[in-house]
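We use all heavy atoms of the structure for the numbers below, so side chains are in, but hydrogens, waters and symmetry mates are not.
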Amino acid sequence: MNRVVDIANLSHRYGSVVALDKVSFNVERGELFGIIGPDGSGKSTLYRILATLLVPDSGHASINGLDTVRDYKKLRTHIGYMPERFSLYEDLTVSENLNFFASLFGVSVQDNYDIIAPVFGQLERFPNRRAGALSGGMKQKLALSCALIHRPDILLLDEPTTGVDAVSRSEFWDMLSRLREHDITILVSTSYMDEATRCDRIAMIDRGHILDIDTPANLVSKLDENLYNASATDMFGLLNRLRELPGVIDCYTFGATLHLVTRAYFDIQKTVTRLTESGLEDVRISRAKGNIEDLFIKLTRDEQH
């Protein structure tokens, strides 16, 4: 394997707001590389720089050895870019959008249809439907097809699953796995922590800083905290009470339960008794197995202290 993306000390500001602060990482050829972080963490700024749409204030970024600033014209033929917001022409049909983007790169849909077939298959029945009339999942597939039609070396996907249903999200990640058979390097950003496990490696980013980079399994193995699930009839009351207890480092919502981070001397039974005596009903606390989301919360907590 060899580097396709090389990013070193990349920084960018919007006025007084620091979007990226000395970001550095590399992506190997053929990787499915995830960039995980909440809204406002700097993901879209990073993607705009890699897509040659934004010039960094400082630092360096290159793709296939081509500098994103100096070689931007040549580089654009190597990139397939799918921005966070649907950016196709909503008044054009499915077929018209696809043919338009193919013509921009001097290729035909027929010549490169094999690469979009797994993605575009469900849209073939609606060639004359306007893009604006498609569902969220279908818009996603059309945008991905248009980004792929010139057979790029690298695919930049900025939060592609935002706003689509859970089934469409799962289908989309299945499609990304199949695309790797075409030797395409994929960078995908998301704020959904559960999607991180579908990547080879992930970079965790918050407020313009890279918190850590590794495989999902290696990252989770670094979560060396006392972690518990907690629930009660009054979940909001439980959250507030737990945060007040000595020995509790953090407590936050986690799906239908709470996750509780404690010091080593934390005692489950004594805590349940204490909470029950305070008026809470059906208090349950048990050991929990941490995941990427727990690690992200830990890393952001550590950054703030």
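In terms of modelled atom types and a separation under 3.5 Å, the side chain of Ser170 and the main chain of Ala166 share no donor-acceptor contact. Distance alone, capped at 3.5 Å, places no donor-acceptor pair between the His150 side chain and the His78 backbone. Under the 3.5 Å distance criterion, the side-chain polar atoms of Tyr47 are left unmatched by any main-chain donor or acceptor of Glu159. Side-chain atoms of Thr233 come within 3.5 Å of backbone atoms of Glu281 as a donor-acceptor pair (strictly under, hydrogens ignored). A donor-acceptor pair is defined here as one N or O able to donate and one able to accept, closer than 3.5 Å; no such pair exists between the side chain of Asn64 and the backbone of Leu66. Looking at Arg180, its side chain does come within 3.5 Å of a backbone N or O of Gly30 through a donor-acceptor pair. At least one donor-acceptor pair closer than 3.5 Å links the side chain of Arg76 to the backbone N or O of Thr52. The backbone N or O of Asn9 sits less than 3.5 Å from a side-chain atom of Ser24, completing a donor-acceptor pair. Side chain of Lys43 to backbone of Gly37: a donor-acceptor contact under 3.5 angstrom is found. With Gln140 contributing its side chain and Pro160 its backbone, the two residues share a donor-acceptor pair below 3.5 Å.
Taken together through direct or relayed side-chain contacts under 4.5 Å among Ile, Leu, Val, Met, Phe, Trp and Tyr, Leu32 and Val5 form parts of separate hydrophobic clusters. Placement of Tyr81 and Phe100 in two distinct hydrophobic clusters is found when ILVMFWY residues are connected by side-chain heavy-atom separations under 4.5 Å, directly or transitively. The cluster map of Ile, Leu, Val, Met, Phe, Trp and Tyr, joined by side-chain heavy atoms under 4.5 Å apart, puts Leu156 and Val27 in the same cluster. Side-chain heavy atoms closer than 4.5 Å link hydrophobic residues (I, L, V, M, F, W, Y) into clusters, and following such links, even through other members, never connects Phe105 to Leu75. Linking ILVMFWY residues whenever their side-chain heavy atoms come closer than 4.5 Å, directly or via other members, leaves Leu53 and Leu155 in distinct clusters.
Under the 4.5 Å side-chain criterion, counting only non-hydrogen atoms from C-beta, Val4 is not in contact with Asp153. Looking at heavy atoms from C-beta onward, Asn226 lies in side-chain contact with Arg287 at the 4.5 angstrom threshold. Contact annotation: the side chain of Arg241 never approaches that of Arg274 to less than 4.5 Å [non-hydrogen atoms, C-beta and beyond]. With a 4.5 Å cut-off on side-chain heavy atoms, Leu20 and Pro56 do not count as touching. With a 4.5 Å cut-off on side-chain heavy atoms, Met193 and Asn291 do not count as touching. Contact check for Phe33 versus Ile213: side-chain heavy atoms found under the 4.5 Å cut-off. Within the 4.5 Å cutoff, side-chain heavy atoms of Arg169 are placed close to those of Asp194. Between Ser145 and Phe101, every side-chain heavy-atom pair lies at or beyond the 4.5 Å cut-off.
No more than 12 heavy atoms of other residues, nucleotides or ligands sit less than 6.0 Å from atom OH of Tyr72. In this structure, Tyr89 places its OH atom where only 12 or fewer heavy-atom neighbours from other residues, nucleotides or ligands lie under 6.0 Å away. The local environment of CD in Glu90 is crowded, with over 12 non-hydrogen atoms from other residues, nucleotides or ligands closer than 6.0 Å. Counting non-hydrogen atoms of other residues, nucleotides and ligands closer than 6.0 Å to CZ of Arg178 gives a total above 12.
Nearest heavy atoms, Arg198 versus Ser177: NH2-OG, 4.3 Å. For Ile7 against Ala61, the heavy-atom pair with the smallest separation is CG1-CB, 4.2 Å. When every heavy atom of Glu84 is checked against every heavy atom of Ser44, the shortest pair comes out as OE1-OG, 3.6 Å. Smallest separation of non-hydrogen atoms from Pro216 and Ala196: CG-O, 3.3 Å. Minimum heavy-atom separation, Ile292 to Leu219: CD1-CB, 4.1 Å. Minimum heavy-atom separation, Phe25 to Ile210: CD2-CD1, 4.4 Å.
Leu187 CG to Ile35 CD1: the interatomic distance, rounded to the nearest 0.5 Å, is 5.0 Å. Considering OG of Ser286 and CD1 of Ile268, their distance stands at 7.0 Å, rounded to 0.5 Å. Interatomic distance, OG1 of Thr185 versus CZ of Arg3, reported as 14.0 Å (0.5 Å rounding). Atoms OH and OG1, on Tyr192 and Thr162 in that order, are 5.0 Å from each other to the nearest 0.5 Å. From Leu179, atom CG reaches atom CD1 of Ile116 across 10.5 Å, with rounding to the nearest 0.5 Å. For the atom pair Asn240 CG and Leu245 CG, the distance stands at 11.0 Å (nearest 0.5 Å).
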Query raised in the report: Could you go step by step and tell me if Ile184 and Ile115 meet the side chain to side chain contact (heavy atoms under 4.5 Å, CB included) rule?
Result: CA-CA 10 Å; Ile184 297 176; Ile115 197 169; 3.5 Å; yes
Report task. Just do the side chain to side chain contact (heavy atoms under 4.5 Å, CB included) check on Leu144 and Leu157 with the steps written out, would you? Result -> CA-CA 9 Å; Leu144 181 57; Leu157 306 176; 4.0 Å; yes
Requested in this report: Evaluate the criterion side chain to side chain contact (heavy atoms under 4.5 Å, CB included) for residue pair Asp206 and Leu299; output intermediate values, then yes/no.
Outcome: CA-CA 9 Å; Asp206 185 49; Leu299 292 174; over 6 Å; no
Report task. Let me see the working for Arg130 and Asp91 under side chain to side chain contact (heavy atoms under 4.5 Å, CB included), right down to the final yes or no. Result -> CA-CA 6 Å; Arg130 295 195 178 196; Asp91 56 339; 4.2 Å; yes
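For the salt bridge (charged side-chain N to carboxylate O under 4.0 Å, His left out) test, no residue two or more places apart in sequence or in another chain qualifies with Arg13. Residues passing the side-chain contact (heavy atoms from CB on, under 4.5 Å) test with Val55 are Val69, sequence neighbours excluded.
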Compile the donor-acceptor pairs under 3.5 Å between side chains in residues 251-267 and protein atoms, sequence neighbours left out, one pair per line.
unit_1	atom_1	unit_2	atom_2	d
Tyr252	OH	Asp294	OD1	2.5
Thr257	OG1	Phe254	O	3.2
His259	ND1	Asp294	OD1	2.7
His259	ND1	Asp294	OD2	3.4
His259	NE2	Asn229	OD1	2.8
Tyr265	OH	Gly247	N	3.4
Asp267	OD1	Gln269	N	3.1
Asp267	OD1	Lys270	N	2.8

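Note on Asp183 versus Arg151: no salt bridge recorded, every NZ/NE/NH1/NH2 to OD/OE distance being 4.0 Å or above. Between Lys74 and Asp71 there is no salt bridge, since no side-chain N of the basic residue sits under 4.0 Å from a carboxylate O of the acidic one.
Inspection of the Asp158 and Ser189 side chains reveals an N or O donor paired with an N or O acceptor under 3.5 Å.
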